Amino acid sequence: GRCYKYYTTDMKWSDAKAECAVHSGNLAVLDTKEKQDVFKEIVSCKDYDAGVWIGLSDTNSTTPQDLRWVTGASVGSSPNWDDNQPDYIGGDNNNCVRAITVRHYAWAVDDCSNDNKFVCEKDQGECADGWDDYGGETNYCYQMVTEQSQWLTWSDARNRCAAMGGQLMKITNDAEQ
């Protein structure tokens, strides 16, 4: 399973990648439809309408415009390209990819030196203390507040989850209940 964290700080792609590495993670690798759906859920709770860096670029490739995930893997068979994409910036290995929230999280090539928000991912086994894992099909980490003195309104709870890089739990099937 994987853990994801949304960062509200705008950074260049390389700085965002480095920030993820500080926390033993990578920029989000959205190489499957399931991961793309998880990413959409994470980012959809945020008040942001431009772009979010993902872990896809040509910065680690010896060939310009050869987009690879931060893991070194190729784009794969489930890319979520926006219309007329990929539209490369140039031949200098400075092509990074962002998901555009107002375009239904479709991907677009952007100059790596531009600033965007970003999402990091890491192994579930590395989730923060105080979080419990859920081993179902999606492998999420959860934090449950059981003490009445810490209960919040729905809106305040949503904001608190967002501040911690998470979101309120969404039950999508009988197994999650």
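Heads up: numbering here begins at 1 and tracks the sequence. Here the structure is a predicted model, which is why all the values come from computation and not from measurement.
E19 is linked by a side-chain hydrogen bond (donor to acceptor under 3.5 Å, both in side chains) to H23, counting only residues two or more places apart in sequence or in another chain. A search for side-chain contact (heavy atoms from CB on, under 4.5 Å) contacts involving D111 returns I89, N94, S113, N114, not counting sequence neighbours. A search for side-chain hydrogen bond (donor to acceptor under 3.5 Å, both in side chains) contacts involving D156 returns T153, not counting sequence neighbours. Scored by the side-chain hydrogen bond (donor to acceptor under 3.5 Å, both in side chains) test, N26 finds no partners at all (sequence neighbours excluded). Under the rule for a ring-ring contact (aromatic ring centres under 6.0 Å, His included), the partners of Y7 that lie at least two apart in sequence or sit in another chain are F118. In terms of the salt bridge (charged side-chain N to carboxylate O under 4.0 Å, His left out) criterion, K5 has no residue partners (sequence neighbours excluded).
A distance of 9.0 Å separates CD1 in I42 from CD in E121, rounded to the nearest 0.5 Å. Note that OG of S57 and CG of L67 are 7.0 Å apart. Values are rounded to the nearest 0.5 Å. Distance OH/Y105 to CG/L30: 12.0 Å, rounded to 0.5 Å. Interatomic distance, CG of D15 versus OG1 of T9, reported as 11.0 Å (0.5 Å rounding). Distance OG1/T71 to CG/D31: 7.0 Å, rounded to 0.5 Å.
Using a distance-only test at 3.5 Å, with no hydrogens or angles considered, no donor-acceptor pair links the side chain of W53 to the main chain of A16. A donor-acceptor pair is defined here as one N or O able to donate and one able to accept, closer than 3.5 Å; no such pair exists between the side chain of Q65 and the backbone of Y88.
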Query raised in the report: Can you list the steps and then say if D110 with N116 is a side-chain hydrogen bond (donor to acceptor under 3.5 Å, both in side chains)?
Result: CA-CA 10 Å; D110 195 1; N116 283 296; 3.3 Å; yes
Exercise. Should V75 and W107 be marked as a side-chain contact (heavy atoms from CB on, under 4.5 Å) after you check the CA-CA gap, both sets of side-chain angles, and the distance that decides it?
Worked result: CA-CA 12 Å; V75 175; W107 305 348; 4.2 Å; yes
* Go through the steps for I54 and R98 under the test side-chain contact (heavy atoms from CB on, under 4.5 Å), then give the verdict. => CA-CA 6 Å; I54 60 175; R98 64 188 172 109; over 6 Å; no
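No side-chain heavy atom of T32 sits under 4.5 Å from any side-chain heavy atom of S78. Residues C112 and T59 meet the side-chain proximity criterion, which asks for heavy atoms closer than 4.5 Å. K35 has its side chain within reach of Y4: a pair of non-hydrogen atoms, C-beta onward, lies under 4.5 Å apart. Under the 4.5 Å side-chain criterion, counting only non-hydrogen atoms from C-beta, R103 is in contact with D83.
Taking 4.0 Å as the cut-off between side-chain N and carboxylate O, R68 and D66 count as a salt-bridged pair.
Residue F39 comes nearest to V52 through the heavy atom pair CZ-CG1, 3.9 Å, listed as atom of the first residue, atom of the second, then distance.
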